[in-house]
Trainee: 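Questions regarding the structure given below will be posed in turn.
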Amino acid sequence: MLKKMPDTIVLVFYMVLTAAALTWVVPSGEYVREWVEADGRMKEVVVDGSFHYVERAPQLFGIFFALFKGFVDKADVIVFVLMVGGAFWILNGTGAIDRGIKAFVERLRRKQRSQTGRWSVDDTVLTLIMVVFSLFGAVFGMSEETLAFILIFVPMAISMGYDSIVGVCISYLAAHVGFAGAMLNPFTVGVAQGLAGLPLFSGVEYRFVCWLVLTAVAVVFVLAYARRLRKDPTISPMYKLDDFWRRSGTGSAAEAGSVRPDASAETGEAAEASSVRARHIVFAVLAAAQVVMACLYPTATFDLFGRTFALPLLPCLAGLFVLAGGYAARRSGVAFSMGLLFFTILYLVLGVLCYGWYMTEIAGLFFAMGLAAGLASGWGMNPLMRRFMEGVKDMLGPAMIIGMASGIIFILQEGKIIDTLLYSVSYAMSEVGEVASLAGMYLFQTLLNVVMPSGSAKAALTMPIMAPLSDLMHISRQTTVLAFQFGDGFTNMITPTSGILMGVLGAARIPYAVWLKWVYKFILFCIGLGFLLLLPTLYFTFNGF
């Protein structure tokens, strides 16, 4: 009998120990770096041929600093997780998500019973969600933002009869498959092409083909698993662990009442009147704020396929909120809270695409959503903040895992062995032919992503070396960028050094070992498929390649 698998944070700590052990074995080395302009921004890049060995820096006591340093380095991600978790705890307390999901699932089931054939309504819903998130990953590099959706899609998937793994797949996995096959991702394609001296987002046509193929494979994989769950839910490796979500799904409405001590004196019509009044006040304030913002920013500008568009998106959203939000406020508290969630997502997409929003703005957006949902339900500030703090406490586990995972990078950097590994691999690749060199580049980028999940940082480190190397081996620089892109994308979904992955798994309450065992075959298949998609660029001429 195998012993019980250690907790995720224990596994990550073992990896910290492994990284520290490597610093005693691998020689320390460094590249000289300089600042250059790429993609309109200044980036620190490696000077080709500048590698040199330096004095060893083996890590011992650094092991005990890793968690602290990891927390500091990933403070933005950790605060993001805590704030979003607290905001959703408030929204869950209103009962809106639970009731909204149940109503949605019941409607699906009614349509399912009236339908014949192998393709089901559930298949349509899961496919549409995955395609949308994959497109977000391909267009604007959605990654960290998926953390905010886990607390929506995991309960929804379980209510539909699936498990938490399906909930993670339709959002997080889909976005990262799109991230790997990205067409316009500024964080990988944009930065890498800028550093390789290529026109920004050139070669988009073949990348679009790659995105279609990868997204189709991901959809088929997830739907096949979902169909097996429909036949027998107990085959899920998360079947017992998902009891948490099944229990919380039935108790959220009751919990909502327990966090409104100020409403205990109100009963019946008086309580309902107070809630309706609060809802209309919140609607009026939000509507007024959006009208003001629409007047201040009448047009939103974004780039798509090399063209710039300026559209009145904020005025359109404000008008839509006034109409839909006013109707929802008159209808019920659940409808209004679900409307708040819907418009929050719309503003998230708008902010990321048009205004360069990142985690600070997105966390603030969800915090505002949580406050609005609680106040619209008639809560006072004391119970509302207590509910928020309960959500923050619930997300402390994922926050610890994120900090510890970032500690692995701290150990490798302090030991000065990342550059040594890079130099060794790039030197070995210069001695082989085209196909083998391409395979080596791709494999190296894939393995490097395990210890350096940041796409932009990895591009700054590797592209100044790989781009000239590809010239020597008569490989298109565009192909080299594509190899970097695939290598950066697929292993994001399994690397324990990724704070985003650990945060997602923590929020979904999926142990890392369970996730790795479930997803590794899919990742290996994607890695192999990625290499097959690279090969045509060696033998055929594609636009931009």
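If you're wondering where the values come from, they're calculated on a predicted model, not measured in any experiment.
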Trainee: Taking D163 for its side chain and V166 for its backbone only, find out whether a donor-acceptor pair lies under 3.5 Å.
Mentor: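 Side chain of D163 to backbone of V166: a pair is present.
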Trainee: Under the 3.5 angstrom rule, does the side chain of S332 hit a backbone N or O of A328 as a donor-acceptor pair?
Mentor: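 No: the side chain of S332 does not pair with the backbone of A328.
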Trainee: Is there a donor-acceptor contact under 3.5 Å from the side chain of S236 to the main chain of M238?
Mentor: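 Between the backbone of M238 and the side chain of S236 there is a qualifying donor-acceptor contact (under 3.5 Å).
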Trainee: Is there a donor-acceptor pair closer than 3.5 Å between any side-chain N or O of R279 and the backbone N or O of A376?
Mentor: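 No, the answer is negative, given that no donor and acceptor are paired below the 3.5 Å cut-off.
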Trainee: What about F367 and F388, are their ring centers closer than 6.0 Å?
Mentor: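 Yes; F388 has its ring centre under 6.0 Å from that of F367.
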Trainee: When you look at OH of Y297, are more than 12 heavy atoms from neighbouring residues, nucleotides or ligands closer to it than 6.0 Å?
Mentor: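 Atom OH in Y297 is not packed in, count stays at 12 or less.
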Trainee: Does OH belonging to Y355 count more than 12 external heavy atoms closer than 6.0 Å?
Mentor: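 Buried by this count: over 12 neighbours within 6.0 Å.
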Trainee: Can the ring centroids of F65 and F410 be said to lie less than 6.0 angstrom from one another?
Mentor: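 Between F410 and F65, which both carry aromatic rings, the centre distance is not below 6.0 Å.
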Trainee: Would you say the ring centers of F149 and F133 fall short of 6.0 Å from each other?
Mentor: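 So the answer is yes for these two rings.
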Trainee: Can R246 be said to sit on top of Y239's aromatic six-ring, NZ or CZ under 6.0 Å from centre and within 45° of the ring axis?
Mentor: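 Satisfied, under 6.0 Å and within 45°.
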Trainee: Step through it carefully: locate the ring centre of F221, locate the ring centre of W518, and say whether they are under 6.0 Å apart.
Mentor: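 Yes, ring centres under 6.0 Å apart.
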Trainee: Could you verify whether a donor N or O on one side chain and an acceptor N or O on the other, from S164 and W245, lie under 3.5 Å apart?
Mentor: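 No, because no side-chain N or O of S164 sits under 3.5 Å from a partner of the opposite role on W245.
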Trainee: Answer yes or no: does atom CZ of F342 have more than 12 heavy-atom neighbours from other residues, nucleotides or ligands under 6.0 Å?
Mentor: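 No, CZ of F342 has 12 or fewer neighbouring heavy atoms, counting only those of other groups under 6.0 Å.
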Trainee: Quick one about E361 and Y347 (side-chain donor to acceptor, distance below 3.5 Å, no hydrogens or angles considered), yes or no?
Mentor: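 The criterion, which ignores hydrogens and geometry beyond distance, is not satisfied for E361 and Y347.
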Trainee: Is it true that E390 and K393 make a salt bridge, defined as a side-chain N closer than 4.0 Å to a carboxylate O?
Mentor: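 Result for this pair is no, no salt bridge flagged.
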